[in-house]
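Below is one structure, written out as structure tokens; comments come after it.
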Number of protein chains: 2
Amino acid sequence: MKTSIHGLHKVFESRIRLGIMSALMVNQKLDFNEFKHLLELTDGNLASHLTALEKHRFIQVKKQFVGKKPNTSYSATDLGRQKFTQHLNTLEALIKKVSQK
Amino acid sequence: MKTSIHGLHKVFESRIRLGIMSALMVNQKLDFNEFKHLLELTDGNLASHLTALEKHRFIQVKKQFVGKKPNTSYSATDLGRQKFTQHLNTLEALIKKVSQK
DNA sequence: AATTTAACTTTGTATTTCAAAGTACTTTTA
DNA sequence: TAAAAGTACTTTGAAATACAAAGTTAAATT
């Protein structure tokens, strides 16, 4: 087991950040409001989870105006994809181990 | 995504409790010291994670003497197996979703 | 001018996590 | 037989995390 949970990254353990990263793996970009509706969080809480991922450089932010509205969109960085993939691989291996028997 | 992370259980989010449950899915019982070596935790920390799982009735405890030494062993309950399986199924679905494309 | 929208930041509380130290009881060792 | 060690905790306290609610900034709409 020592080896099995070694590839897990603390920042991905939260269901919310897990959700954010998953969403960004299948969508090249998503904006603040999309996340808000997807995850049903308060603005502040969502912002802090996004900031946590940004601090690790697992996601990157782009601020612009879309039409006349401000828009903040997020995408996974290469590093983020790499680390998150490793996290999922570890989980997958763990699931496989548990399922086999 | 709303649906995807719905089957996750908070208590299984921690890598340590994930490790404990995984170990108990493939071993019908493990004792305190085995966990200690498997997970490399201080006694107190291990005890509190085990207690957390016990409070949810996801694991059960058996205290006995083995030879002359006290021995505390743990096993997953049916409820624990059921809930943990659901957690892993949810993760598996999420991984599949992310991997597809 | 007042309201709304977007995206935060700040504040404050509650919860979680963990190491370290302390405890109780038994056994082994010097 | 007194001291040390092992098992399995509990308690304490500090640090990190999580979250809601309220406040903020700046532009856009009514």
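Below, chains carry the letters A, B, ... as their sequence lines are ordered, and counting in each starts from 1. All figures in this text were calculated on a predicted structure; none of them were measured in a lab. Every heavy atom of this structure was used, including side-chain atoms; hydrogens, water molecules and symmetry mates were not.
- OP1 or OP2 of C:dA20 has not a single side-chain nitrogen or oxygen of B:T42 nearer than 4.0 Å.
- Within the 4.0 angstrom heavy-atom criterion, only backbone atoms of the sugar-phosphate kind lie near A:Y74; the bases stay farther away.
- In this structure, A:R15 reaches neither bases nor backbone, as no heavy-atom distance under 4.0 Å exists between it and the strands shown.
- Considering every non-hydrogen atom in both A:Q60 and A:A76, the closest pair reads OE1-O, 4.4 Å.
- When the options B:D43, B:T42, B:L50 are evaluated for a side-chain contact (heavy atoms from CB on, under 4.5 Å) with B:L46, the one that passes is B:L50.
- Straight-line distance from the CG atom of B:D43 to the C1' atom of C:dA20: 11 Å, rounded to whole Å.
- A distance-only check finds a donor-acceptor pair linking the side chain of B:R81 to the backbone of B:L24 [under 3.5 Å].
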Report task. Start with the C-alpha distance between B:F32 and B:N71, add both sets of side-chain angles, then the distance that settles side-chain contact (heavy atoms from CB on, under 4.5 Å), and finish with yes or no. Result -> CA-CA 8 Å; B:F32 194 89; B:N71 177 276; over 6 Å; no
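- Atom-to-atom, NZ of A:K62 to C1' of C:dA7 comes out at 17 Å; the value is rounded to the nearest Å.
- The CZ atom of A:F65 sits 11 Å away from the C1' atom of C:dT5 (whole-angstrom rounding).
- For the pair A:F32 CZ and C:dT9 C1', the interatomic distance rounds to 11 Å; values are reported in whole Å.
- Taking atom CD of B:E40 as the reference point, atom C1' of C:dT17 lies 18 Å away to the nearest angstrom.
- OP1 and OP2 of C:dT16 both lie 4.0 Å or more from every side-chain N or O belonging to B:H49.
- Residue A:N33 places at least one side-chain N or O closer than 4.0 Å to OP1 or OP2 of C:dA7.
- Of all nucleotides in DNA chain D, those with any atom nearer than 4.0 Å to a heavy atom of chain A start and finish, going 5' to 3', at D:dA18 to D:dT29.
- Residue contacts for A:I16: at a heavy-atom cut-off of 4.0 Å it reaches the sugar-phosphate backbone alone, with no base atom in range.
- Between the side chains of B:N33 and B:H37, no donor-acceptor pair is found at a separation under 3.5 Å.
- The separation between B:I20 atom CD1 and C:dT17 atom P is 11 Å, rounded to whole Å.
- Panel note: side chain A:H9, backbone A:H87; no donor-acceptor pair is recorded below 3.5 Å.
- Across the protein-nucleic acid pair, A:L41 atom CG and C:dT9 atom C1' stand 17 Å apart, rounded to whole Å.
- Where B:K69 and B:K10 meet DNA chain D, the nucleotide closest to each residue was compared, and B:K69 sits on the side nearer the 5' end.
- In this structure, B:S48 does not reach the C:dC18 phosphate: none of its side-chain N or O atoms is under 4.0 Å from OP1 or OP2.
- Aromatic pair A:F12/A:F84: centroids less than 6.0 angstrom apart.
- Here the nucleotide nearest the side chain of B:K68, chosen from C:dA7, C:dT28, C:dA19, is C:dT28.
- In terms of heavy atoms, A:A23 sits closest to A:L38 at CB-CD2, 3.9 Å.
- Atom P of nucleotide C:dA7 and atom NZ of A:K63 are separated by 8 Å, given to the nearest angstrom.
- A residue-by-residue look at A:P70 and B:G67 shows that A:P70 has its nearest nucleotide of DNA chain C further toward the 5' end.
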